[in-house]
Protein chains: 2
Amino acid sequence: MTVTLADVAARARVSPATVSRVLNGNYPVAADTRERVLRAVDELDYVLNGPASSLAAATSDLVGILVNDIADPFFGIMAGAAQTEISGPGGSARAGCEKLAVICNTEGSPERELTYLTLLQRQRAAAVVLTGGALEDPGHIAAMSAKLGKLARAGTTVVLCGRPPMPDGDQVLATLAFDNRGGARRLTEHLLGLGHRRIGYVAGPPERTTTRHRLEGHRAALLAAGIDEPQDRLTVHGSYARSSGYTATVELLAREPGLTAVLAANDTVALGVCAALREKGLRIPEDVSVAGFDDLPFAVDTWPALTTVRLPLAEAGARAGRLVMGKEAAPVGGRVGVEGELVVRGSTGVRR
Amino acid sequence: MTVTLADVAARARVSPATVSRVLNGNYPVAADTRERVLRAVDELDYVLNGPASSLAAATSDLVGILVNDIADPFFGIMAGAAQTEISGPGGSARAGCEKLAVICNTEGSPERELTYLTLLQRQRAAAVVLTGGALEDPGHIAAMSAKLGKLARAGTTVVLCGRPPMPDGDQVLATLAFDNRGGARRLTEHLLGLGHRRIGYVAGPPERTTTRHRLEGHRAALLAAGIDEPQDRLTVHGSYARSSGYTATVELLAREPGLTAVLAANDTVALGVCAALREKGLRIPEDVSVAGFDDLPFAVDTWPALTTVRLPLAEAGARAGRLVMGKEAAPVGGRVGVEGELVVRGSTGVRR
DNA sequence: TTGAAAGCGCTACCAC
DNA sequence: GTGGTAGCGCTTTCAA
């Protein structure tokens, strides 16, 4: 029923081996022979059997990109950039050397993260890219470390993108980490510089690395400015979702009606903050300054007054893709910091 | 080096066939035998070889979800919902029956769309879900039709989600289509009902089905209201991006300074419209009403004055996933309309 | 209920 | 440069 390599060989009057060589293009073949084979492929409308090929070669062209939440453009931008770089410019279908870059949505669930890695391991994936903040649970870290080690030993390239390094990172080819601490610190310093003293902080889920790092940066800035009131009072944790920003802001205003600024752990959350403030009749930035993280495109157009750290999401994704493809050399030690740029928009004054 | 099924068999003192049966769970095996096998699997930390399995069984557990732009939450929401439904609730790694649902980002390129389908065909994918508007180029439609036909004949389930039916759709299991015409019509009627007569329209790329359908709905409403000025004058085409909404609005205001409302082909574009209007010193909705499509979450919190059609993205995605998994019956004839709901927010007045 | 063995379609090694 | 061919690791009859 389906056309096999042997059929092509028969039609082109060559051996299966030759057809394989032509298709993989990694072996010298006479020009006219190649021509004949290619014609036979076309005429028979032959499509390589991936599983058979992977089985024989003990590798596949699958590359998995894991993200925490694909509905969030933070991940969409990174994953899209990585995928573009990996799939190549034109998506040249013929050469046989193209990879199938594919996005896997873990929904932030540790089990699903491991499950996807197992599934990719099953498929003998060529590479795996892990993006975004990691869970800090010791058990999960150990499991991940073990799993990534197995993958690496089985020949799968592992790249971390916008994600902190693994505790014992030698199973990882390279890590592209964002400077979450520094970004949060600069953001807070900016608000302090404007004269703000009562700054609320909407943090992410407690168990994620990004949450902790950003919060640390925030507190470091506060401490340096001599603000030493009980740290927890103006910090509220929530998920990385709009609704969380909304709820947290209501809570913060209840705790401290004299709030003059709110810092959100990411842009999506910042929009929820804005919504809550607007509903309370407070104006941005006249009454309350809001600062986000990420610099997502929709936030840019929407709230010109929102100060953010512009994380180079697309660039990080593209670099991850290039690392996977070997187009970019892995750094010595495997770790690269990817700093964000502080973006100040509009005038963010202090309520008098 | 790597553990194989034979190793497991040896350790469990059974034949490879029995191990296979235990792992696939679709065959009667004595309880204690199964127990022994499972223990051996655990002890040896065995991971099934996907390619070998796929080769022997002539199918794989790969499901591809194609999207036009993964950085756009429109697709992120649909794809995420589909993936969740397909990967199952807990992502039960053991059962062996779980699918690997992966997202492929075509970037709206017809070549990449076909390339991805070929790659998935190579992998003998169990199913393919195509999402979002399709290209109307006859050549591409023919190529897609042929490709999908081959996939279907090779046993791959094909589901269309938020995408119009194929011209000759019998290669497709089911189509979940949005009512783009009706939605645009209702949106326009709403603005007309408020008294607007000079309504700008920011359309998507000319060659996409969603663009044409939404535009048709818009014009039908205008026509019904007796507005018959040259249709092109207040319509500007662009990509489905914010920047496009911005540019188009500047252009529209130049053509017709007396504009009182703008309808955007999707929410992302609508945000660009808002940005341009704000920059021009026009207030929303006092001066100009803006209407979008999609009802993306970030637009909800951001512009409470934005009127949109709430497309059931997550629901459509989830249903597509269920269709793939056979948890939901495919409709007779394969086509299902998924209607949007008109959402009116804030007061959208008319400039006097 | 279990085992033996014949492939699945391709790659890669070894001859020629 | 090209052909022959032995596996790759699993599934699935067919027998027992």
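Note that these values count all heavy atoms, side chains included, but never hydrogens, waters or copies made by symmetry. Remember, it's a predicted structure, so these values are computed and weren't measured experimentally. Proteins get letters first, then strands, A, B, ... in listed order; numbering begins at 1 in each.
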Exercise. Whole Å only: how far is the CZ atom of Arg36(A) from the C1' atom of dG3(D)?
Worked result: 13 Å
Problem set entry | Divergence of helical axes at both termini of the helix from dT1(C)-dA16(D) to dC16(C)-dG1(D) - five pairs an end, 10° steps | 30°
For this session: Report yes if a side-chain nitrogen or oxygen of Ser15(B) is closer than 4.0 Å to either non-bridging phosphate oxygen (OP1 or OP2) of dG3(C); otherwise report no.
Result: yes
Problem set entry | Side chain proximity check, Arg39(A) to Asp42(A), heavy atoms < 4.5 angstrom | no
Exercise. Quick one: Arg13(B) CZ to dG3(C) P, roughly how many Å, whole number?
Worked result: 11 Å
For this session: Please tell me which of Pro28(B) and Ala57(B) maps to the more 5' nucleotide of DNA chain C, matching each residue to the nucleotide holding its nearest heavy atom.
Result: Pro28(B)
Exercise. Going by distance alone, is a donor N or O of one side chain under 3.5 Å from an acceptor N or O of the other, for Ser87(B) and Tyr116(A)?
Worked result: yes
Problem set entry | Atom-pair distance (CG on Asp61(A); C1' on dT11(C)), nearest Å | 14 Å
Exercise. Would you say dG3(C) has OP1 or OP2 under 4.0 Å from some side-chain N or O of Thr18(B)?
Worked result: yes
Problem set entry | Candidates dT11(C), dC10(D), dT12(D) - which lies nearest the side chain of Leu5(B) | dC10(D)
Exercise. For the pair made of CZ in Arg122(A) and P in dC10(D), what is the distance, rounded to whole Å?
Worked result: 11 Å
For this session: Ignoring backbone atoms, test whether Thr33(A) places a side-chain nitrogen or oxygen under 4.0 Å from the OP1 or OP2 oxygen of dT2(D).
Result: yes
Exercise. With a 4.5 Å heavy-atom cut-off, do Leu23(B) and Ser20(B) have their side chains touching?
Worked result: no
Exercise. Do the non-hydrogen side-chain atoms of Leu66(A) and Leu120(A) ever get within less than 4.5 Å of each other?
Worked result: yes
Exercise. How many Å lie between CG on Asn49(B) and P on dG9(D), as a whole number?
Worked result: 7 Å
Problem set entry | Spacing of Leu55(A) atom CG relative to dG9(D) atom P, expressed in whole Å | 7 Å
Seminar exercise, completed: Between the CG atom in Asp7(A) and the CG atom in Leu44(A), the distance rounded to the nearest 0.5 Å is 6.5 Å
Exercise. Closest approach of Ala127(B) and Val324(B), non-hydrogen atoms and distance?
Worked result: CB-CG1, 3.6 Å
Exercise. Tell me, do Glu107(A) and Gln83(B) make a side-chain contact under 4.5 Å, heavy atoms counted?
Worked result: no
For this session: Take the protein atom CG of Asn26(B) and the nucleotide atom P of dT12(D), then report the distance between them rounded to whole Å.
Result: 7 Å
For this session: Let me know the distance between CG of Asn24(A) and P of dG9(C), rounded to the nearest Å.
Result: 17 Å
For this session: Specify the residue among Val14(B) and Val47(A) whose closest nucleotide of DNA chain C lies further upstream toward the 5′ end.
Result: Val14(B)
Exercise. Of the nucleotides dG1(D), dC10(C), dT11(D), which one has an atom closest to the side chain of Ala30(A)?
Worked result: dG1(D)
Exercise. From dG9(D), dT2(C), dG9(C), pick the nucleotide closest to the side chain of Val29(B)?
Worked result: dT2(C)
Exercise. Between dG9(D), dC8(D), dG3(D), which one does the side chain of Arg21(A) approach most closely?
Worked result: dG3(D)
Exercise. Would one find a side-chain N or O of Ser20(A) under 4.0 angstrom from OP1 or OP2 of dT11(C)?
Worked result: yes
Would you list the atom pairs, donor with acceptor, under 3.5 Å between side chains in residues 157-169 of chain A and any protein atom, with sequence neighbours excluded?
{"unit_1": "Arg163(A)", "atom_1": "NH1", "unit_2": "Thr131(A)", "atom_2": "O", "d": "3.1"}
{"unit_1": "Arg163(A)", "atom_1": "NH1", "unit_2": "Gly132(A)", "atom_2": "O", "d": "3.3"}
{"unit_1": "Arg163(A)", "atom_1": "NH2", "unit_2": "Glu113(A)", "atom_2": "OE2", "d": "3.0"}

